Amino acid sequence: MANSCLQLSGFVMSCIGWVGILIATATNDWVVTCKYGMNTCKKMDELGAKGLWAECVISTALYHCISLTQILDLPAYIQTSRALMITGSLLGLPAVGMVLTAMPCISLGDEPQSAKNKRSLLGGVLILLVALCGGVSTVWFPIGAHQDQGLMSFGFSLYAGWVGTAFCLLGGAMITCCSTEPSQPYNHHDNNRFYYSKGQGPGNPVPPSTNHSKSAHV
């Protein structure tokens with residue numbers, strides 16, 4: 001019962017984390033960039049927001065975005081973050097599906113429990129890979145943006161990616177730990193019976209000792 005509850009909790013956490021990864025991938029509010037102080041940038045309307053797909057200018061009366069379509073001209077941190085976030089978003093779908101079909105409340109015909117455990121283990125590993133992709137992207141992107149343009153603060157998309165990474169990491173770890181095969185308990189009685197059969201049984205007479213006969217002749 002406890003194992004099923006942990007597996008269900010891991011599945012729910014993994015779904016929440018995957019949704020966070022999807023939100024971070026689809027939105028562009030990753031970092032807020034500025035070359036000067038925050039107040040100066042707001043007065044000069046040079047406060048910007050940057051994401052995986054667009055770079056925006058934020059002002060009181062304008063929110064203008066320019067799509068980052070020149071793939072070959074983009075910095076390495078943007079291209080790598082794009083690839084990792086897309087990979088994590090795509091891996092999340094089969095991972096959630098595998099874990100869902102391996103739940104104890106779902107039965108696929110006469111499938112043995114060992115097959116469900118293997119599928120759940122594979123789904124947990126995929127969820128951990130989703131967390132790895134999200135973690136690398138959400139750490140590397142702000143570092144690259146700070147070196148490129150000057151980082152002022154983190155955006156909503158970056159927080160969503162961090163939350164999604166944390167939930168996927170915890171959920172994947174819980175699912176992986178709950179998907180291992182239970183070990184067979186050690187039966188002490190069987191072990192005694194094995195050695196008992198090798199020795200003398202209760203019906204076999206014990207051979208008399210020759211020590212008494214030798215002492216009699218003396």
Side-chain angles (χ1 to χ4, degrees), residues 10-38 40-42 44-99 123-173 175:
F11 172 73
V12 174
M13 295 178 67
S14 300
C15 291
I16 296 175
W18 181 43
V19 171
I21 295 294
L22 291 175
I23 293 174
T25 306
T27 54
N28 290 309
D29 191 16
W30 278 57
V31 293
V32 178
T33 58
C34 181
K35 297 181 180 180
Y36 314 104
M38 181 66 72
T40 304
C41 289
K42 287 182 178 180
M44 299 175 61
D45 287 340
E46 291 188 6
L47 192 63
K50 193 171 187 178
L52 298 177
W53 314 103
E55 187 172 359
C56 304
V57 176
I58 304 174
S59 63
T60 56
L62 180 65
Y63 188 87
H64 178 67
C65 295
I66 300 175
S67 300
L68 303 176
T69 57
Q70 301 296 330
I71 299 178
L72 298 179
D73 296 335
L74 294 176
Y77 71 93
I78 297 181
Q79 297 185 23
T80 306
S81 298
R82 277 185 180 182
L84 290 175
M85 293 300 289
I86 292 174
T87 302
S89 300
L90 295 178
L91 287 177
L93 181 60
V96 171
M98 288 181 181
V99 177
V125 172
L126 290 179
I127 292 174
L128 291 177
L129 290 178
V130 173
L132 178 62
C133 293
V136 173
S137 301
T138 53
V139 170
W140 192 2
F141 190 93
I143 294 176
H146 177 68
Q147 296 176 352
D148 188 16
Q149 293 179 322
L151 176 64
M152 286 301 300
S153 63
F154 304 131
F156 166 76
S157 303
L158 199 62
Y159 286 114
W162 283 338
V163 172
T165 299
F167 272 88
C168 285
L169 183 61
L170 293 176
I175 293 172

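None of the values given here were measured: they were computed from a predicted structure. For reference, positions follow the sequence shown, starting with 1.
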Could you report the tightest heavy-atom contact between [X] and [Y], atom names first, then the distance?
{"X": "Thr138", "Y": "Leu158", "value": "O-CD1, 3.5 Å"}
{"X": "Met85", "Y": "Leu52", "value": "CG-CD1, 4.0 Å"}
{"X": "Ser137", "Y": "Pro142", "value": "O-CD, 4.3 Å"}
{"X": "Gln79", "Y": "Ile71", "value": "NE2-O, 2.6 Å"}
{"X": "Ala95", "Y": "Gly123", "value": "CB-O, 3.7 Å"}
{"X": "Cys133", "Y": "Leu84", "value": "CB-O, 3.3 Å"}

- Neighbour count >12 (heavy atoms, 6.0 Å) for atom CZ, Phe167: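 Counting other residues, nucleotides and ligands, CZ of Phe167 stays at 12 neighbours or fewer.
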[X] side, atom [atom1]; [Y] side, atom [atom2] - distance, nearest 0.5 Å:
{"X": "Leu22", "Y": "Thr27", "atom1": "CG", "atom2": "OG1", "result": "10.5 Å"}
{"X": "Phe154", "Y": "Asp29", "atom1": "CZ", "atom2": "CG", "result": "12.5 Å"}
{"X": "Leu74", "Y": "Thr80", "atom1": "CG", "atom2": "OG1", "result": "10.5 Å"}
{"X": "Ser89", "Y": "Ile23", "atom1": "OG", "atom2": "CD1", "result": "10.5 Å"}

Option passing side-chain contact (heavy atoms from CB on, under 4.5 Å) with [X] (candidates [options]):
{"X": "Trp30", "options": "Trp53, Tyr159, Phe156, Phe141", "result": "Phe141"}
{"X": "Ser14", "options": "Leu170, Ile175, Leu169, Val99", "result": "Ile175"}
{"X": "Leu91", "options": "Leu132, Val96, Val130", "result": "Val130"}

- Query: Side-chain contact, heavy-atom cut-off 4.5 Å: Trp18 with Leu93?
  - Reply: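 Sidechains of Leu93 and Trp18: in contact.
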- Query: Do the side chains of Glu55 and Ile78 get nearer than 4.5 Å, heavy atoms only?
  - Reply: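 No, every pair of side-chain atoms sits at 4.5 Å or beyond.
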